[in-house]
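For reference, the structure discussed in these notes is given below.
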Amino acid sequence: MSTSASPKPDSAGRPAGPVIELDGATKRFRSAGGVHTAVRDLHMAVGPGEFVAVVGPTGCGKSTTLSLVSGLEPASAGRVLVHGRPVEGIPDGVGYMFQNDAVLPWRSVLDNVAAGPRYRGAGKREARDRARDWVARVGLAGFEGYYPHQLSGGMRKRVALAQTLVNEPSVLLMDEPFSALDVQTRGLMQDELLRLWSGSGAAVVFVTHDLEEALVLSDRVVVMTAGPATIKGVFEVPLERPRDAEEVRLTGAFLDIYREVWESLREEVQITRERGAGHAA
Ligand SMILES: Nc1ncnc2c1ncn2[C@@H]1O[C@H](COP(=O)(O)OP(=O)(O)OP(=O)(O)O)[C@@H](O)[C@H]1O
């Protein structure tokens, strides 16, 4: 795993080294049925400006891993660090995007995007100026006054992207943000994300069921085992940037890395399916 070590603090005065670090992180949930281990002994480091995708079988613990980084859930054992500091609550500089977006139906596009900066203390005018800029950057100039119900699914996702990026996160956590979109819109959003992320310096952890999506977007793919999730393998993605989401999947290099990662993932998917069949029997 890359640690992108640099001897000096970054421009925001943050410590050098990985932006995200999981060091033996484990999460156990207590329920009426007893204690359930969701993720176990995770070791992972993500440097500034790195894009890491996490894939694994259904229910293995991918979302739980993101919850540990975002501070939504405390680790039961091990350490989770963001910018070199232990995560206690939601760390500064973290932005998220989930499958269900946080676009509020009663607010216009502009007000939805301006809400984050307002909440973080920006004045009304500054928040709206920044929001207007991001609305344009995600390709929605002219739609500032529209309400979410007047937008297509893809446009709504663009609003959600602007809502997240307007806060200029140094850590971007994405949990299947495009999985509800049709295939074409999904490809467009993948391109859009790559364009907006490139040069932002943000460290991204992107959870997806879709291995193609993982490879199109990331520098590295982390394959998780059937639950409780631990890291089975880490694969560097040898595809040049900038990438075109539609074109890159047709290249020989893409097919080679796809086969290699799928070989690893397939075994875990199979284990999960067999367990499911066992439960159904
Ligand atoms: N708050 C919670 N309380 C109890 N169990 C939980 C909680 N959150 C998650 N789990 C359990 O932890 C395991 C991992 O769940 P998680 O949502 O992290 O998996 P996932 O890989 O993201 O799933 P999917 O692929 O379906 O999105 C599951 O068995 C789930 O039921």
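Start at 1 and go down the list; that is how both ligands and their atoms are numbered. All of these numbers come straight from a predicted model, not from anything done at the bench.
- What sits closest to atom 30 (C) of ligand 1 on the protein, heavy atoms only, is H36 NE2, 4.6 Å.
- Atom 1 (N) of ligand 1 has F29 CE2, 3.4 Å as its closest protein atom, hydrogens excluded (heavy atom only).
- R118 has no carboxylate O lying under 4.0 Å from a charged side-chain N of D111, or vice versa, which leaves the two without a salt bridge.
- Taking a cut-off of under 4.0 Å to the non-hydrogen atoms of T64, the atoms of ligand 1 that pass are 9 (C), 14 (C), 15 (O), 16 (P), 18 (O).
- Between E176 and K62, no side-chain nitrogen of the basic residue sits less than 4.0 Å from a carboxylate oxygen of the acidic one, so the salt-bridge criterion is not met.
- Close approach to E176 involves these atoms of ligand 1, each under 4.0 Å from a residue heavy atom: 27 (O).
- Under the 4.0 Å criterion applied to side-chain N and carboxylate O atoms, E50 and R220 are assigned as salt-bridge partners.
- For ligand 1, the atoms lying closer than 4.0 Å to a non-hydrogen atom of C60 are 19 (O), 20 (P), 21 (O).
- The existence of a salt bridge linking D129 and R132 is confirmed by a sub-4.0 Å separation between a basic side-chain nitrogen and an acidic carboxylate oxygen.
- With K62, R28, K27, R30 as candidates, the residue nearest to atom 25 (O) of ligand 1 on a non-hydrogen basis is K62.
- Using a 4.0 Å cut-off to heavy atoms of T58, the atoms of ligand 1 that qualify are 25 (O), 26 (O).
- Given atom 19 (O) of ligand 1, the protein heavy atom at minimum distance is G61 N, 3.1 Å.
- Here atom 14 (C) of ligand 1 lies nearest to G59 when heavy atoms of S67, G59, G56 are compared.
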